[in-house]
Student: 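Just passing along the structure, written as C-alpha cells.
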4 protein chains.
Amino acid sequence: MPKITDEKRALRRIQILEAAWSCFQKQGLHATTMSDIIAASNLSAGAVYSYFPSKDELILAAVKTSLTGLRERVEPLLNAAPLLPPSRFIEDIARAVTDFTAREGYDLRRVALLGWSEAQRNEHLRETMQVYYVEFRARLADAVANWKRAGEIRKTADDGDVSKTLLAMILGFVVQSAITGDVSAQELAHGLRDLVQREGADAE
Amino acid sequence: MPKITDEKRALRRIQILEAAWSCFQKQGLHATTMSDIIAASNLSAGAVYSYFPSKDELILAAVKTSLTGLRERVEPLLNAAPLLPPSRFIEDIARAVTDFTAREGYDLRRVALLGWSEAQRNEHLRETMQVYYVEFRARLADAVANWKRAGEIRKTADDGDVSKTLLAMILGFVVQSAITGDVSAQELAHGLRDLVQREGADAE
Amino acid sequence: MPKITDEKRALRRIQILEAAWSCFQKQGLHATTMSDIIAASNLSAGAVYSYFPSKDELILAAVKTSLTGLRERVEPLLNAAPLLPPSRFIEDIARAVTDFTAREGYDLRRVALLGWSEAQRNEHLRETMQVYYVEFRARLADAVANWKRAGEIRKTADDGDVSKTLLAMILGFVVQSAITGDVSAQELAHGLRDLVQREGADAE
Amino acid sequence: MPKITDEKRALRRIQILEAAWSCFQKQGLHATTMSDIIAASNLSAGAVYSYFPSKDELILAAVKTSLTGLRERVEPLLNAAPLLPPSRFIEDIARAVTDFTAREGYDLRRVALLGWSEAQRNEHLRETMQVYYVEFRARLADAVANWKRAGEIRKTADDGDVSKTLLAMILGFVVQSAITGDVSAQELAHGLRDLVQREGADAE
DNA sequence: GATGAATGAGTCTTCATTCAT
DNA sequence: AATGAATGAAGACTCATTCAT
C-alpha cells in the first residue's frame with residue numbers, strides 16, 4: 001500500500017465523518033463510542049485514528065463541517081438580487097435547514113443541538129461557533145440594509161438589532177423543529193408575516 | 001420512622017440539584033462525574049444516591065427543574081391584564097430568561113442547551129420537553145388571540161403560526177446569547193419592533 | 001465500607017507494592033501490565049488506582065521503596081563504632097544487598113537495574129536517585145575520614161575520590177551479581193583485600 | 001539477483017542501528033516506538049523490517065553491538081605489554097568507556113543500563129551478556145596473574161576474586177556516571193590508589 | 001524490491017454504582 | 001440512615017507488524 005492520493009484521503013475522511021455523523025445523531029456525542037464510529041466506517045481503529053487524532057477532533061470536524069455545509073446552502077439566498085422580503089427570506093432559510101437535513105442523509109438540526117452543547121466545554125468549538133454566528137449576523141445586517149432601501153422595513157431600523165432578531169428566529173426554528181418536530185418553514189414565515197402586518201395592511 | 005423530615009429531604013434534594021447544576025454548567029452533562037456532584041453537594045455517595053437513583057435521573061431532574069423554574073417566572077407575563085404588545089412582551093420574556101440566569105446563580109441558557117442535546121438520546125427527557133414546549137406554545141397562542149382582539153395584530157393571523165414564530169424567537173435568543181453572548185432582551189425586542197413597523201407607521 | 005483506618009490503608013499500599021515488585025522482577029517494568037499487578041494484588045482495578053494514580057507512580061513508589069529499604073539496612077553499618085576496615089565493610093554492605101534480596105521475597109538487584117533504566121526517561125526518578133546516591137556517597141566519605149584517622153588508609157587519600165570508588169564497587173556488585181549471578185559478598189571483599197595488600201603485607 | 005550489494009546492506013544495517021541507538025538513549029527501550037526508529041533512519045517501515053525482523057531483534061542487535069564496540073576499545077589495554085599497574089589500568093578502562101560514549105555520538109553508559117534492564121526479561125540477551133561478562137572477567141583474571149608476576153599485587157591473591165572486584169568497579173563506574181554524572185576516570189583511579197596504598201607506602 | 005496505509009489485539013485508565021460496616 | 005471503599009465493565013487510544021500495490 002504505497003502512498004495514497006490526496007483525493008482518496010479526502011474520500012476516506014468523508015467516509016469517517018459520515019459514519020460519525022450517523023452515530024452522533026442516533027446516540028449523541030458522548031454516548032457514541034469510537035468503536036461505534038469505527039464499526040460504522042468499515043475501517044479499523046488505527047485507520048480512523050490516522051485521519052482524526054482523537055474523538056474530540058472528530059467531534060470538532062463533524063460540527064464544523066455541518067456549519068460550513070449550511071453556509072454554502074444559505075449563501076445564494078443572501079446574495080440573491082433582488083433580495084426576497086423578510087418573511088419570504090426567512091422561509092427560504094428555514095427551508096434550507098430542513099432540506100440540508102433531508103438531503104445529506106443526516107439531521108443538521110440534531111447536529112446543531114449537539115454542537116451547541118459541546119461548545120460549552122470545548123473552547124475551540126465555542127470560538128469557531130462564535131465567529132460563525134457573528135459573521136452570519138453581519139450578512140443578515142447587510143440584508144436588513146437592503147430591505148431598508150427597498151422600503152421593506154422602516155429606515156430608522158437598527159441593522160444590528162434586526163439581524164439579532166432574525167438570527168434568533170432561525171436558531172429557534174432549528175431547536176423547535178428538532179424538539180417538537182411540528183414546525184415547517186412556511187409556518188415560521190407566516191407567523192412572522194402575521195406579526196408584521198397590522199389590521200388593514202395588504203398581504204405580501 | 002424516618003429520622004429526617006420531609007422538609008429536610010426536600011432541602012437535601014435542592015442542595016444536590018444545585019450542586020449538579022453548578023457542575024453541569026461548567027463541564028457539560030457527560031464530563032461531569034457523579035464524584036464531582038457528590039463533592040460539590042458536600043454529601044456522601046450513598047446519600048446522593050438515596051435521593052436520585054441514577055445520574056440520568058439527576059440530569060432529568062436538573063433539566064425539568066429549570067424548565068419549571070422558568071415557567072414560574074414567565075407565567076405572570078402571560079396572565080398580565082392588559083397583555084403587553086408583542087415586542088414588549090418578547091422583551092420581558094427574554095429578560096426573564098436573563099434574570100433567571102443571574103439570580104439563581106446558574107445559567108439557565110447553558111442548562112437549556114445541554115438539555116436539548118441530552119433530549120436526543122433520552123426518550124423521557126425528550127417527551128417532557130415536547131410537552132413543555134407545546135404547552136408553552138398554547139399559552140403563546142392565547143396571547144396571540146388576545147392581541148388580535150386588542151388590534152395589535154391583524155385578525156386573520158393564524159394563532160398557531162404566530163405562536164411558533166414567537167417560540168422560535170425566544171429559544172433562538174437563548175441559543176444566541178449563550179453562544180455569542182452579545183444579545184440583550186432589548187435588542188431582541190427592538191429588532192422585532194423594527195421588523196413589524198413599516199415606514200410611516202407610528203412607533204409602539 | 002466507611003472510612004478505613006490509616007493503618008489499613010498503609011497495609012493495602014504495601015500489598016499492592018509487593019504485587020508490583022513481584023511482577024516487575026519477572027517481566028520488567030514495561031512488560032508488566034496493570035492487569036498483571038491488579039491480579040497479583042487480589043484487588044480490583046479501581047482499588048489499585050485509588051492508591052496509585054498511574055502506572056508511573058507505581059513504578060516510582062516501587063523503586064523509591066527499594067532505595068529506602070536498602071538505606072535502612074546499610075545505615076547501621078555506616079554508624080558502627082568502631083567502623084570495620086574497608087574490605088570488611090564492603091563485604092557487609094554487599095551482604096546487606098544480598099540479604100535484602102533474599103529476605104523480602106524480591107530481588108533488590110533486579111529492581112535496581114530496572115530503576116536505573118527507568119531513570120533515563122523519568123525526570124522525577126532520575127532526580128530522586130541522584131540525591132540518594134550523592135547522599136550515600138557523602139556517608140561513605142565520612143567513613144573514609146574515619147579510616148584515615150584509624151590508619152586504615154593513608155592520610156593523603158581524597159575522601160571524595162575514595163567514596164566514588166567504593167560506591168562504584170557496590171553498584172557494580174549489584175550489576176554483576178544480577179547478570180552473571182556468580183559473585184558473593186566474600187569474593188568481592190577478598191578481591192578488594194588482595195588488591196589492597198602488597199607482597200609481604202600482613203593479611204587482614 | 002539482488003539489486004543491492006552486501007556492502008550496501010551492511011551500511012543500511014548500521015544506519016538503522018544508529019537511528020535505534022539515538023532513539024533508545026533519549027526515550028528508553030520501550031518508550032521508543034518502531035515509528036520513531038523508522039523516522040530517524042529515513043527509511044520505510046518495510047525496509048527496516050527487511051533488516052530486522054522485530055523490535056526485539058533490533059534491541060538485541062543494538063545492545064550486542066555496543067558490547068562488541070566496547071570490547072574492541074578495551075582489547076588493546078588488556079594486551080598491552082607491559083601491562084599498566086591496577087589503578088592506571090582501571091583509569092584507562094574507565095576512560096575508554098567515557099570516550100566511546102563521546103566519540104560514537106551516543107552514550108554507551110545509557111545503553112548499558114537499558115540493556116541490563118532488558119536482560120531481565122529477554123532470555124537471549126541475558127545469555128549473551130552473561131557470556132560477555134564472564135569472558136571479560138577471564139581476561140581480567142589474566143591481567144591479575146600478570147600483576148602477581150610483576151609484584152604489583154601479592155602472590156596469594158585469588159585471580160577470580162580480584163577479577164570480580166575489578167569488574168564490579170568498572171560496571172559501577174558506568175552506573176554511577178550515568179546516574180549522578182559527576183565521576184571521572186581519574187577520580188575512580190585515584191580512589192582505588194588511595195584505597196590500595198597504606199600510610200608510608202610510596203605513591204604509584 | 002520498496003512503500004506506508006491498514007490492522008486489531010492489547011494498554012491504561014475512568015467512573016456509575018453498590019453494599020459491608 | 002449514612003458512609004465511602006471497592007468493583008469491574010467499558011472506553012479511548014497505541015503500535016508492532018503485514019502486505020497490496
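Naming: A, B, ... by sequence-line order, numbering from 1 per chain. Bear in mind the structure is a predicted one, so any value in this text is a computation, not a measurement.
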Student: In whole angstroms, how far is the P atom of dC15(F) from the CG atom of Leu29(D)?
Tutor: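 Rounded to whole Å, this separation is 14 Å.
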Student: Atom CZ of Arg9(C) and atom C1' of dG4(F): how far apart are they, to the nearest Å?
Tutor: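 Roughly 11 Å, once rounded to whole Å.
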Student: If I take atom CD1 in residue Ile16(B) and atom C1' in nucleotide dA16(E), what distance separates them, rounded to the nearest angstrom?
Tutor: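 Result: 16 Å.
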Student: Could you grab the distance from atom NZ of Lys55(D) to atom OH of Tyr49(D), nearest 0.5 Å is fine?
Tutor: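 Going from the NZ atom of Lys55(D) to the OH atom of Tyr49(D) covers 8.5 Å.
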Student: Figure out the CD/P separation between Gln15(A) and dA5(E), and round it to whole Å.
Tutor: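 Distance, rounded to whole Å: 16 Å.
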Student: Going by an N to O cut-off under 4.0 Å, is there a salt bridge joining Asp56(B) and Arg121(B)?
Tutor: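 Arg121(B) and Asp56(B): salt-bridged.
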Student: When you measure from every atom of DNA chain E, which of residues 49-61 of chain C have a heavy atom less than 4.0 Å away?
Tutor: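 Contacting residues: Tyr49(C), Ser54(C), Lys55(C).
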Student: How many Å lie between CD1 on Ile37(A) and P on dA12(F), as a whole number?
Tutor: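 Ile37(A) atom CD1 is separated from dA12(F) atom P by 8 Å.
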Student: Categorize Thr5(C) for me: base, sugar-phosphate, or nothing, with a 4.0 angstrom heavy-atom threshold over every strand shown.
Tutor: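 Nothing, no heavy atom under 4.0 Å.
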Student: Map Ala31(B) and Val48(A) onto DNA chain E by nearest heavy atom, then report which one ends up closer to the 5' terminus.
Tutor: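 Its nearest nucleotide being more 5', the pick is Val48(A).
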Student: Strictly distance-based, threshold 3.5 Å: is any side-chain N or O of Trp21(C) a donor or acceptor partner for the main-chain N or O of Ala62(C)?
Tutor: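 Yes.
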Student: If you measure from CD on Gln120(D) to CZ on Arg109(C), what distance do you get to the nearest 0.5 Å?
Tutor: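 Answer for the CD-CZ pair, Gln120(D) versus Arg109(C), is 9.5 Å.
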Student: Need to verify one output field. Residue with the more 5' nearest nucleotide on DNA chain F, Leu43(C) or Leu43(B)?
Tutor: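 Checking each residue's closest nucleotide, the 5'-ward one belongs to Leu43(B).
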Student: From the options dA6(F), dG4(F), dG8(E), select the nucleotide whose nearest atom is closest to the side chain of Ser44(C).
Tutor: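 Closest nucleotide among those given: dA6(F).
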Student: Which sits closer to the 5' end of DNA chain E, Thr32(C) or Ala47(D), going by the nucleotide each is nearest to?
Tutor: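 This one resolves to Ala47(D).
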Student: Measure from the side-chain heavy atoms of Met34(C) and tell me the nearest of dA5(F), dT13(E), dT18(F).
Tutor: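 Among dA5(F), dT13(E), dT18(F), the one nearest the side chain of Met34(C) is dT13(E).
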Student: Is the backbone of Ser41(D) close enough, under 3.5 Å, to the side chain of Gln15(D) for a donor and an acceptor to pair up by distance?
Tutor: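 Indeed, once roles are kept as given, a pair shorter than 3.5 Å links the two residues.
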Student: Quick one: Ile38(D) CD1 to dA16(F) C1', roughly how many Å, whole number?
Tutor: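 Rounding to the nearest Å, CD1 of Ile38(D) and C1' of dA16(F) are 9 Å apart.
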Student: Using Watson-Crick and G-U wobble pairs with both distances under 3.5 Å, what is the 5'-to-3' dot-bracket string of DNA chain F, with [ ] for crossing pairs and | for pairs outside the strand?
Tutor: .||||||||||||||||||||
Student: Working to the nearest 0.5 Å, report the span between CG of Leu108(D) and CD of Gln25(D).
Tutor: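 Separation between the atoms: 9.0 Å.
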Student: Once you round to the nearest 0.5 Å, how far does CE of Met129(B) lie from NZ of Lys64(B)?
Tutor: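 Reported to 0.5 Å precision, the distance equals 11.0 Å.
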Student: Quick one: pull up CZ in Arg110(A) and OG in Ser66(A) and give me the separation to the nearest 0.5 Å.
Tutor: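 If I round to the nearest 0.5 Å, the distance is 14.0 Å.
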Student: Does Arg12(D) make a cation-pi contact with Tyr51(D), if we ask for NZ or CZ under 6.0 Å from the ring centre and within 45° of the axis?
Tutor: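 Pair Arg12(D)/Tyr51(D) does not count as cation-pi.
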Student: Using atom NE2 of His30(B) as one end and atom P of dT14(E) as the other, report the distance to the nearest whole Å.
Tutor: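 These atoms are roughly 19 Å apart.
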Student: Starting from C1' on dA1(F), measure out to NZ on Lys8(B) and report it in whole angstrom.
Tutor: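 Taking NZ of Lys8(B) and C1' of dA1(F), I get 13 Å after rounding.
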Student: Closest approach to the side chain of Ile4(C), judged atom by atom: which nucleotide of dA5(F), dT3(E), dA9(E) is it?
Tutor: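 The answer is dA5(F).
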Student: Which is more 5' along DNA chain F, the nucleotide nearest Asn42(C) or the one nearest Ala45(D)? Just name the residue.
Tutor: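 Comparing both residues, the 5'-ward one is Asn42(C).
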Student: Tell me what Arg12(C) touches on the nucleic acid: a base, only sugar-phosphate, or nothing, going by heavy atoms under 4.0 Å.
Tutor: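 Sugar-phosphate: the residue Arg12(C), judged by heavy atoms under 4.0 Å, touches backbone atoms but no base.
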Student: How many angstroms lie between CD1 in Ile37(B) and CD1 in Ile59(B), if you round to the nearest 0.5 Å?
Tutor: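 Nearest 0.5 Å value for the CD1-CD1 distance: 7.5 Å.
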